[in-house]
Amino acid sequence: MPGKSRIWCALVHYPVLDREGNVVTTSVTNMDVHDMSRACKTYGVGSLVVTTPIDIHREMVEKVAAHWQDPFIWKRTPSRRHALELVRVVESIEAASALMEREGGGRPDIIGTTAKRCRRAISYETLKKQIIADPQKPRLLVFGTGWGLAPQAMDMCGCILEPVEGAGEYCHLSVRSAAAIILDRLLGKK
Ligand code: SAM
């Protein structure tokens, strides 16, 4: 069963951008689901909601997550089972928010992530302070795929986190790496 934390993550496959800036649906990547669920479990996130409008992709993710709940499969690697049990699958960001409203403590604040600088971005310090001040408030951290969340997805976000910046100009993290860094900044002990 998903954890009780009031912070959930969503991995979004629509609406996202492609390299030309078109709004598209991306394919689900198995590695994203495995790695992000492990990061979510490590940092105490309640659920990782994978969103895709493609029925067969939802079925595939559900099968992968269910596979790891089989004792015959997980007995040698129980850590994988505990991570993948956080995975939920729905068709859209709206559905992820509705799921959290029903099962995650209430209607969440939707918090966007992006590699791009954005005028209304808030810092990790600010959000971390808000989380510490009000840990019971439901919050849904939204991560994009492809070339990032499309404008209509960003518009659904009550706030956007500043980008994770590296040592220089190059800033092309995978969603898995970005999610792990962001969760550490918001929920890590240090
Ligand atoms: N240029 C895209 C963008 O605007 O975010 C990069 C897309 S990246 C492959 C997919 C997702 O990973 C983004 O939607 C975001 O959730 C996350 N991400 C990647 N790099 C990030 C960064 N430097 N800071 C914050 N999030 C990042």
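Predicted model, so just to flag it, every value in this text is computed and none were measured. Order of appearance sets the numbers: ligands from 1, and atoms from 1 within every ligand. Computed from heavy atoms alone, side chains included, the values below leave out hydrogens, waters and symmetry copies.
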Problem - Where ligand 1 meets Leu173 - atom numbers and elements under 4.0 angstrom, heavy-atom basis - result: 8 (S), 9 (C), 19 (C), 20 (N), 23 (N)
Problem - Residue Gly146 vicinity, atoms of ligand 1 by number, heavy atom under 4.0 Å - result: 7 (C), 9 (C)
Handout entry: Nearest candidate to atom 26 (N) of ligand 1, where distance is taken over non-hydrogen atoms, out of Leu149, Thr114, Thr26
Key = Thr114
Completion exercise
For Phe143, the atoms of ligand 1 under 4.0 Å from one of its heavy atoms are 16 (O)
Completion exercise
Numbered in order shown, the ligand 1 atoms found under 4.0 Å of a heavy atom of Cys171 are 23 (N)
Problem - Within 6.0 Å of CZ in Arg120, more than 12 heavy atoms from elsewhere - result: yes
Practice task
Indicate, as side chain, backbone, both or neither, the part of Ala178 found under 4.0 angstrom from ligand 1 when only non-hydrogen atoms are considered.
Solution key: side chain
Handout entry: atom 1 (N) of ligand 1: nearest protein contact (heavy atom, Å)
Key = Trp147 O, 3.6 Å
Problem - Sub-4.0 Å heavy-atom contact, Ala179 with ligand 1 - result: no
Handout entry: Check against salt bridge (charged side-chain N to carboxylate O under 4.0 Å, His left out), Glu162 and Arg117
Key = CA-CA 7 Å; Glu162 64 188 357; Arg117 292 207 180 110; over 6 Å; no
Practice task
Assess whether salt bridge (charged side-chain N to carboxylate O under 4.0 Å, His left out) is satisfied between Asp32 and Arg176, documenting all intermediate values.
Solution key: CA-CA 6 Å; Asp32 285 345; Arg176 306 181 296 281; 2.7 Å; yes
Handout entry: Ligand-residue contact atoms, ligand 1 with Thr113, heavy atoms, under 4.0 Å
Key = 14 (O), 15 (C), 16 (O)
